[in-house]
Amino acid sequence: MAGKVRIGVLASGSGTNLQSIIDRCEDGRIDGQVVIVISDKADAGALDRARKHGIRAVHFEVPKTGTDGWLAADQTITQELQAAEVGLVCLAGYMRMVGPQMLAAFKGRAMNIHPALLPAFKGTHGQRDALEYGAKVAGATIHFADAEFDHGPIIIQVAVPVREDDTPDALGARILKQEHEIYAQAIQWFAEGRLKIEGRRVRVEGEATAGRLSMEAS
Ligand code: GRF
């Protein structure tokens, strides 16, 4: 066992993924500790959730991607993560492109969650896009972050069947539940030192497969 991993979370929204990670760290299902939460939104629910648990919660304005301001924010965020001695960065509903400094400092140590089965339905509305496209199976993906949106090596995926009467909200809620499960699994594998990146492929030592059928009752 590699010991408890110190986790830094970047989030823009309500933070249910963050909450699930905090809860599982607290009850021992994840060998980790969330030590800092950073948001580009001052009013992000994720910041409130962090504060409730005594976790350092910081907000930074993140200017338009590619600008000097964005690079400066990247530097500040990287410094915050390093000062908190973070071992793993989890992007959890973080709606901004992360910068080159952060990616370099945390190469192979930054993960993202996307609510679709990548490489399908990248972007902000993965759940809705899958439904509108007529996909019969939706899902979620945890992957290592890289310099492109929703792109880096895939760690784990879960399938979520689309129902005939589905709405974007209903499907999104079922996917979100599964996101919480697979994010916890990916972090725990990381904490155990079992993730090996080989090009685009991630090998999970000791696992025959890291693709999950939905765990929801059907
Ligand atoms: C999740 O669906 C995540 O996959 C997406 O944004 C949503 C964030 O949810 N990128 P939350 O803030 O963790 O509740």
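Quick caveat: nothing in here was measured; it's all calculated off a predicted structure. All ligand and atom numbering here is 1-based and tracks the order in the structure. Below, each value reflects all heavy atoms present in this structure, side chains not excepted, and no hydrogens, waters or symmetry copies.
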Between ligand 1 and the protein, which N/O pairs are shorter than 3.5 Å?
from: ligand 1; atom 1: 2 (O); to: E179; atom 2: OE1; distance (Å): 3.3
from: ligand 1; atom 1: 2 (O); to: E179; atom 2: OE2; distance (Å): 2.9
from: ligand 1; atom 1: 4 (O); to: E179; atom 2: OE1; distance (Å): 2.8
from: ligand 1; atom 1: 4 (O); to: E179; atom 2: OE2; distance (Å): 3.4
from: ligand 1; atom 1: 12 (O); to: S14; atom 2: N; distance (Å): 3.4
from: ligand 1; atom 1: 12 (O); to: G15; atom 2: N; distance (Å): 2.8
from: ligand 1; atom 1: 13 (O); to: T16; atom 2: N; distance (Å): 3.3
from: ligand 1; atom 1: 13 (O); to: N17; atom 2: N; distance (Å): 2.9
from: ligand 1; atom 1: 13 (O); to: N17; atom 2: ND2; distance (Å): 3.0
from: ligand 1; atom 1: 14 (O); to: S14; atom 2: OG; distance (Å): 3.0
from: ligand 1; atom 1: 14 (O); to: T16; atom 2: N; distance (Å): 2.8
from: ligand 1; atom 1: 14 (O); to: T16; atom 2: OG1; distance (Å): 2.6

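Using modelled atom types and a 3.5 Å distance limit, the side chains of N17 and E179 yield a donor-acceptor pair. A side-chain donor from one of E26 and H53 sits under 3.5 Å from a side-chain acceptor of the other.
Here E181 pairs with R24 in a salt bridge; the nearest charged N to carboxylate O distance falls below 4.0 Å.
P115 is listed as a side-chain neighbour of Q127, based on a closest heavy-atom distance under 4.5 Å. In this structure, H143 and H151 have side chains that are not in contact, with every pair of non-hydrogen atoms separated by 4.5 Å or more. Inter-residue side-chain proximity for R6 and L88 is flagged as unmet; no heavy-atom pair is nearer than 4.5 Å.
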